[in-house]
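One-based numbering, in listed order, for ligands and for the atoms of each. Position 1 is the first residue of the sequence; numbering continues from there.
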Amino acid sequence: MKLKSQVPQSGFLLALRFLALVLWSFPGARTLDNGLAMTPTMGWLHWERFMCNTDCQEEPDSCISEKLFMQMAELMESDGWKDVGYEYLCIDDCWMAPKRDSKGRLQADPKRFPSGIRGLADYVHSKGLKLGIYADVGNKTCAGFPGSFGHYDIDAKTFADWGVDLLKFDGCYCDSMEHLEKGYKHMSLALNRTGRSIVYSCEWPLYMWPFRKPNYTEIRQYCNHWRNFEDVYDSWQSVKSILAWTSSNQKSIVDVAGPGGWNDPDMLVIGNFGLSWDQQVTQMALWAIMAAPLLMSNDLRHISPQAKALLQNKDVIAINQDPLGKQGYRLRKEDNIEVWERPLSDLAWAVAMVNLQEIGGPRFHTISIASLGQGLACIPDCMITQLLPEKKELGFYQWTSDLKTKINPTGTVLLQLAAT
Ligand code: GLA
C-alpha cells in the first residue's frame, strides 16, 4: 500500500483527465429508440436450470408452469433480489400450447398456465416485477412449439395485451438469412407499434455468424441485447468458452455496446451445480466487466447463502450497471493470466485478473498500475478496492506503482480503481 501523494495536480494531468472524460463520454452507435435497457437488463430466466420440463405430474416443482414463476416472483420480492436490481422474471421456451387459438394467437399451455399469461403478468406486476416471454422468429421455437413467422404483428400485439415487458426472440427454424434478418427487424417494429415498453432480446448474431459477419451497427438499431455465442451450460468449460469467444471477437463487439443495446453472453449459472466457488466469482466479475445482462438461471428456492451473496453483491452490480455503459475488454493474456478492464463513470476503472491455469495453487500476479486504463486509470494516484473474491480496501496507489495480487485457479480478483 502506498500513501496518498501530496503533490498538487498539474495542469497537464488535469487536461489529461478532461480528455479522458470527453473521449469516454462520446456517444456510441445509434440505438433502438425504445428508451429501455439503459443499463444491462437484470432478472431471472428459466432456461439453463429448468429447460423444457413439461411433466408436471412427475415433477410438479420443476416443470415449466405458472406455479414455478409465481414462486420465483415471490422470492425475488422477499429475498432481496428485487432490491438489488433483479427485475425481469422471464419465461423461456416450452410455455406454449402446441397450437395457436382459433384467432391465430399464441396461447399458453392451459394445464400448466391455468391463469394464462395475462394472469401471471398481473401477479408478477403485483410484486413490483416485470414479466419476460419467449418466442421464435422462425417456423418453430427451438423446442418445437409454434414459431412467429407470418405472425409477427399479432404476436407482438398479444404480448402487449397480456402485459409482457420483455421478449426473448430466438432464431431456430429460419429458412434463410433473409428470413432471419427481416424477421428480427419486423418484430422490433411490431413491438414498438404496440406502444407498450417491451425490452427486445435477440439471438440474431448467434444464428448469423455461421454464414456471415453480423452488422452490429444495424442490430443495435433493432435490439436491446443480442446473443452472439452458444448457450451457457452449468460448467466451467462453458463459461470459459464464452469468455474466449468474447475476447477473440472484442474488436467487432465491444464498441457497439452501450446504453440501450448490449452484447449478451447468456445467463448467470451461479447457484447451480457445475461451477466451483472461484468459477462463480469469475462469472460474476466478468459479466460485470462485459456489461452483460444479468439474467440468473437458478432455483431461488434452493440457493446457498454464498451464491446469493455473490449474485447480490452491490459493488459488483454497480460495475455492471455503471451509467457510462462502456463494455470492458481483455487487455492482455500472459502466462495463463488474463487482465480485463472496463472504464466506469467518474473516471474510475474496473480491472479483473483471471487465473486460467488449472493446475497448481493460487498464483501471484503483479501488474504495473501505469499499464491500466490506457495509462489514465491512476493519474497521479488512485484508491484501489478489491471487490472479489472478498472486499478489501487496498489503499492509495501511484501511477508508478505495482500491485501484487493472488489469484486462485479458475478464479478472479476484481478491483475498482477510483480517481482521487
Ligand atoms: C436456444 C437458445 C436458448 C434457449 C433454447 C430454448 O438454444 O439459445 O437460450 O432459449 O433455445 O429452446
Checklist entry - Do ligand 1 and W47 have nitrogen or oxygen atoms that lie under 3.5 Å from each other? => result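 It does not: no N or O of W47 is found under 3.5 Å from an N or O of ligand 1.
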
Checklist entry - Any N or O of Y207 that comes nearer than 3.5 Å to an N or O of ligand 1? => result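 In this structure, Y207 places no N or O atom under 3.5 Å from an N or O of ligand 1.
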
Checklist entry - What orientation do W95 and W162 show, parallel under 30°, tilted 30 to 60°, or perpendicular over 60°? => result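 The rings of W95 and W162 stand perpendicular, inter-plane angle above 60°.
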
Checklist entry - Relative to the ring of H46, is the ring of F69 parallel (under 30°), tilted (30 to 60°) or perpendicular (over 60°)? => result perpendicular

Item to check | Contact summary for V232 and E48, nearest pair of heavy atoms | outcome: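 Closest approach of V232 to E48: O-CG, 3.7 Å.
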
Checklist entry - Does D170 approach ligand 1 within less than 4.0 angstrom via side chain, backbone, both or neither, non-hydrogen atoms only? => result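 Answer for D170: side chain.
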
Check this for me, if you would: do [X] and [Y] make a salt bridge, where the nitrogen-to-carboxylate-oxygen distance has to be below 4.0 angstrom?
{"X": "R118", "Y": "D122", "answer": "yes"}
{"X": "R196", "Y": "D165", "answer": "yes"}
{"X": "R212", "Y": "E178", "answer": "no"}

Checklist entry - Which is it for N298 and W44 under the side chain to side chain donor-acceptor pair (under 3.5 Å) test, yes or no, and what are the steps along the way? => result CA-CA 8 Å; N298 49 19; W44 185 93; 3.2 Å; yes

Could you tell me which atoms of ligand 1, counted from 1 in the order shown, lie closer than 4.0 angstrom to a heavy atom of [X]?
{"X": "Y134", "value": "6 (C), 10 (O), 11 (O), 12 (O)"}
{"X": "E203", "value": "2 (C), 8 (O), 9 (O)"}
{"X": "C142", "value": "1 (C), 11 (O), 12 (O)"}

Around [atom], find the nearest protein heavy atom and jot down its residue, atom name and distance.
{"atom": "atom 12 (O) of ligand 1", "result": "D93 OD2, 2.8 Å"}
{"atom": "atom 10 (O) of ligand 1", "result": "D92 OD1, 2.6 Å"}
{"atom": "atom 7 (O) of ligand 1", "result": "D231 OD2, 2.7 Å"}

Item to check | Proximity flag K168 to ligand 1, non-hydrogen atoms under 4.0 Å | outcome: yes

Checklist entry - With a 4.0 Å cut-off on heavy atoms, is R227 touching ligand 1? => result yes

Checklist entry - From C63 SG over to N53 CG, what is the distance, rounded to the nearest 0.5 angstrom? => result 6.0 Å

